[in-house]
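Let me begin by presenting the structure, written as C-alpha cells, before commenting on it.
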2 protein chains.
Amino acid sequence: MSSLRDVAERAQVAVSTVSAALNGTRPVAAATKRRIEQAAAELGYRPNLLARGLQSKRTRILALLFPAPRSGFGLTEMQFATGAAEAARELGYHLLLSPEHADPIEELRHLTGLGLVDGVLLMEVRLDDERTDFLTRAGVAFSMIGRTRDPGPIDYADIDFAATARDAVAHVAGLGHRKLAFFNHSTDAYAAQYGPAIRAGEEFARAAGAAGIGYVDDFRPGSAEEGGRAFEALMAAHPDVTALAVMDDHAAVGVLAAVAARGWRVPEDLTLMLVLSSSRVAEMFHPRLTTLEPPSAELGRLGARMLIDRLEGGPPGEGGPQGEGGPPEGGPPEGGPQRRLVPCRLVIGDSSAPPRPYHGGLDPEQGEPPYGRGSPNDLQNGSA
Amino acid sequence: MSSLRDVAERAQVAVSTVSAALNGTRPVAAATKRRIEQAAAELGYRPNLLARGLQSKRTRILALLFPAPRSGFGLTEMQFATGAAEAARELGYHLLLSPEHADPIEELRHLTGLGLVDGVLLMEVRLDDERTDFLTRAGVAFSMIGRTRDPGPIDYADIDFAATARDAVAHVAGLGHRKLAFFNHSTDAYAAQYGPAIRAGEEFARAAGAAGIGYVDDFRPGSAEEGGRAFEALMAAHPDVTALAVMDDHAAVGVLAAVAARGWRVPEDLTLMLVLSSSRVAEMFHPRLTTLEPPSAELGRLGARMLIDRLEGGPPGEGGPQGEGGPPEGGPPEGGPQRRLVPCRLVIGDSSAPPRPYHGGLDPEQGEPPYGRGSPNDLQNGSA
DNA sequence: CTGTTAGCGCGTTCAC
DNA sequence: GTGAACGCGCTAACAG
C-alpha cells in the first residue's frame with residue numbers, strides 16, 4: 001500500500017503538505033493541491049486508519065455489543081446490527097461486532113482498553129443494566145438500543161411502546177372488538193428484566209383503558225404448549241374476549257392450534273395479532289398474522305447515528321470520573337441527551353376481522369359460527 | 001489509558017524490556033518480569049492495538065462482508081456473523097461487520113485499502129463471484145462461507161449438500177416413502193447463481209437416484225401462493241408422491257394450506273420437510289416441521305478459523321500479484337487450501353410419518369385416511 | 001503558502 | 001539480561 005510519503009515524493013512536496021491538501025486542514029495552493037490529488041489518485045493512495053487513529057486518538061470504529069443468542073432471538077437483533085453498520089458506514093465509521101458471553105463487564109473492560117473503538121453501542125438493554133454504569137464510569141461514549149429504567153443522560157433509541165399500543169388498540173377497537181387480551185412474554189429470569197416485555201405490558205393496559213375497551217393480561221405463555229393452554233384458560237375465564245395480542249411467536253402457534261382444535265377459525269372467531277414480530281415471521285403463519293413490526297433497522301441506525309453525533313459533538317473528557325462513583329454532573333454536551341422513540345409498524349394480515357356478533361352460550365361443537373355481518377371495512381391505522 | 005511507558009516507569013525498567021516481558025519476545029529475568037507484570041496489572045495496562053498494528057502490520061481484525069438483506073434472509077445469515085465473531089474473539093481477533101450495497105468491489109477496494117483488516121470473510125458467495133477475483137488479485141487473505149463453482153486454492157466452509165441430501169432421503173425412505181418431491185428456491189436472478197439452491201437440487205436428485213426411490217423436482221415456488229399452486233400441480237402430475245422437501249419457507253406455508261384445503265393432513269397424508277431452515281423456523285409451523293437445519297454458526301466459526309489459520313500460517317507476500325493477472329502459482333502455504341464441508345442437522349418434527357398405504361383412486365373428500373400400518377420405527381439418520 | 005520537526009504507542013533492531 | 005534508538009504512517013506544531 002502506498003503511503004503518504006509515496007504521494008509526497010511523486011508530487012514533489014512535503015508529507016505534511018499532502019496531509020493538509022487531502023484533509024483540508026490548512027490552505028494549500030490550488031496548483032499544488034491538484035498535483036497532490038493526481039499523484040494520490042495515480043497511486044491509489046488510501047490513508048492508513050491505524051496511523052491516523054494513533055495520532056488523532058479517534059479510530060472511527062464503533063463496537064456493537066452483541067449478546068449471545070438466547071431463545072427468542074431473531075431477525076430483530078440482526079437488523080439492529082445491519083442498521084447500525086449501514087448508518088456507521090454512511091458516516092464514515094466502521095462497526096465492530098463484539099459478542100458478549102459470560103462476563104459482559106470484563107468483556108467491556110477489555111474491549112475499551114484496547115483503544116480500538118471510539119464508542120460502544122448497547123443492545124438488549126435491561127431495566128437495570130450494569131454495563132451502563134461501567135461505561136459512564138469509564139468515560140466511554142455509548143448509546144443504547146432500548147433503554148434502562150432510568151436512562152438519565154444517556155442517548156437511546158427505543159420502540160415507542162405507547163404509540164404502538166395505541167395503534168394496536170385502535171386497530172382492534174376500530175374493527176368493533178370490545179375486549180382485548182394480551183399475552184406477554186413468559187416471566188423467566190430474563191424477561192423479568194426485559195424492557196420491551198415490561199413496557200409493552202404497561203402500555204397495552206394503559207391504551208386499552210384509554211380506549212375504554214375490556215382488557216385482560218393474566219397470561220404469559222412462553223411456548224406453543226403454554227400458548228394453547230393459556231388460550232383455553234382465557235376463554236374459560238373471559239369468553240367475551242374476541243381479540244388477542246401475543247408477544248411470543250411460539251405462543252401464537254399454540255393459540256392457533258387451540259383455536260383450530262375447538263373448531264374455531266381466525267379471524268372469524270378470533271382476531272389474533274403479533275406484537276413486536278417482524279412481518280416475515282407473521283407471514284409464516286396461516287392465516288398470515290397481523291403484526292406490530294418493530295423498527296429494528298431504524299433503531300440500529302439511530303443508535304449509531306446518535307453515538308456518532310456525540311463523538312463528533314465534543315471529545316469526551318479524557319478518562320472521565322474513575323472510581324469517584326458520583327453520578328455525572330451537568331448535562332451532556334450540547335443540550336441534553338438524545339432520546340428517540342419510534343413506533344412499530346402495524347402490518348395488517350389476514351387474522352384481523354370484526355368480532356362475531358354473539359358469543360355467550362354458543363356451543364363450540366356447533367361448528368361453523370355465523371359470519372360477521374359488517375364487511376371488514378377499512379381498517380384504521382393509528383398514528384402511523 | 002496507561003501506556004507501555006507508564007509501566008516501564010513504574011517498574012523501573014526500559015520500555016523495550018516491558019515489551020519483551022509481556023510478549024515473551026526475548027528472555028527476561030524472572031524477578032524483573034514479575035515486577036513488570038505487577039506494575040502492568042496495577043495500572044490496568046492494555047496494549048494499544050493501533051500502535052501494535054501500525055508496527056507489526058497486523059491488526060488482528062477481520063471483516064465480514066455482509067450483503068444487504070434480501071428476501072429470504074434470516075437467522076442463518078445472522079448466525080454466520082455471530083459464529084464468526086465468536087471464533088474470532090476466542091482466537092484474539094475482532095470482527096468488523098461490513099455491509100455491502102451497490103458496488104461490492106468498490107466497497108472492498110475501500111475497505112482493504114485502509115489497512116484496517118488483515119483478512120476478509122465472504123458470505124453469500126455466488127457460483128461466479130467477482131469478489132474472489134478481486135481479493136486474490138489484490139493479495140488480500142480471505143475465506144468463504146459457501147463457495148464458488150470452482151474454489152481453486154481458496155479456503156472455504158460450506159454445507160455438505162451430498163450428506164444432507166442423503167440424510168433427507170434416508171429419512172423419508174426409512175419411513176417407507178417411495179417417491180419424493182423437491183421444491184427448490186424460485187429461479188430468480190439471484191437464485192440462479194445461488195450455490196445452495198443449485199447444489200441442494202443436484203444432490204437431492206443424486207441421493208434419490210442412489211436410494212432407488214422416485215423423485216420429482218419440477219417446481220420452484222417462491223411464495224406461499226406459488227407453493228400452494230405447485231403442490232396442486234405436483235399432485236395432479238404425480239399423485240404417488242408422498243413426501244415433499246421444500247427449500248423456501250414461504251412456499252411451505254402455501255403447501256400446508258393446500259394440503260388442508262383438500263382435506264388432507266400432515267403427516268398422515270404427506271410427509272413435509274424443510275431444507276436449510278433453522279429449527280426455530282420449523283417450529284413456527286403447525287404441525288412442527290421436520291427440517292434440515294444448516295450449521296450456520298459452525299460455518300461462521302470455521303470460516304473465521306480458517307482465515308486466521310492462514311494469517312498466522314504465513315504472512316502473505318506484500319501486495320501479491322498486482323495487475324499481473326496470472327493465476328496464483330504454487331499452492332497456498334502449508335499444504336493446500338482448507339475445505340470444510342459440514343452436513344445439515346436433521347431435526348425431526350411432527351410432519352414426518354410413514355406414507356398412507358394406498359393412494360391411487362382414493363377420493364380426497366372421504367376424509368380421514370387410514371393410518372399407516374407400520375409404526376414410525378426408529379428413524380434413520382444417515383452420515384451424522 | 002510550504003517544509004521541518006516532533007510524537008502518538010508499540011516492536012525491534014542494535015549496543016551495552 | 002537490559003537500555004537506547006529508530007520507524008510504522010500520520011497529524012500537529014512551529015519555522016521559513
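Reminder, nothing fancy here: chain letters follow the sequence lines and each chain counts from 1.
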Quick check: do Y93(B) and L307(B) have side-chain heavy atoms less than 4.5 Å from each other?
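Contact flag for Y93(B)/L307(B) side chains = no.
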
Using side-chain heavy atoms (C-beta onward) and a distance below 4.5 Å, is R147(A) in contact with R339(A)?
no

Any stems for DNA chain C, made of 3 or more Watson-Crick or G-U pairs in a row, each with both distances under 3.5 Å?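 The stems that DNA chain C takes part in, listed by first number, are C:1-3 with D:14-16, C:6-16 with D:1-11.
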
### Message
Under the criterion salt bridge (charged side-chain N to carboxylate O under 4.0 Å, His left out), I'd like the reasoning laid out for E298(A) against R340(A): C-alpha separation, chi angles, the key distance, then a yes or no.
### Response
CA-CA 10 Å; E298(A) 179 66 11; R340(A) 301 293 304 270; 5.3 Å; no

* Along DNA chain D, first and last positions that approach a heavy atom of chain A under 4.0 Å ->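 With heavy atoms of chain A under 4.0 Å away, the range is dG9(D) to dC14(D).
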
Looking only at atom types and distance, does a side-chain atom of [X] sit under 3.5 Å from a main-chain N or O of [Y], one as donor and one as acceptor?
{"X": "S143(A)", "Y": "G303(A)", "result": "yes"}
{"X": "R46(B)", "Y": "L114(A)", "result": "no"}
{"X": "R60(A)", "Y": "L91(A)", "result": "yes"}
{"X": "D155(A)", "Y": "Q338(A)", "result": "yes"}

Is it true that, when you exclude R5(A) itself, more than 12 heavy atoms of the residues, nucleotides or ligands shown sit nearer than 6.0 Å to its CZ?
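Count not over threshold, so no.
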
Each nucleotide of nucleotides 3-10 of chain C classed B (base within 4.0 Å of a protein heavy atom), S (only sugar-phosphate) or -, in 5' to 3' order, makes BB--BBBB

| field | Basic-acidic side-chain contact under 4.0 Å: E106(A), R109(A) | value | yes

Hey, are R137(B) and E130(B) close enough for a salt bridge, meaning a charged N less than 4.0 Å from a carboxylate O? no

Expressed in whole Å, how much space separates the P atoms belonging to dC6(D) and dT5(C)?
14 Å

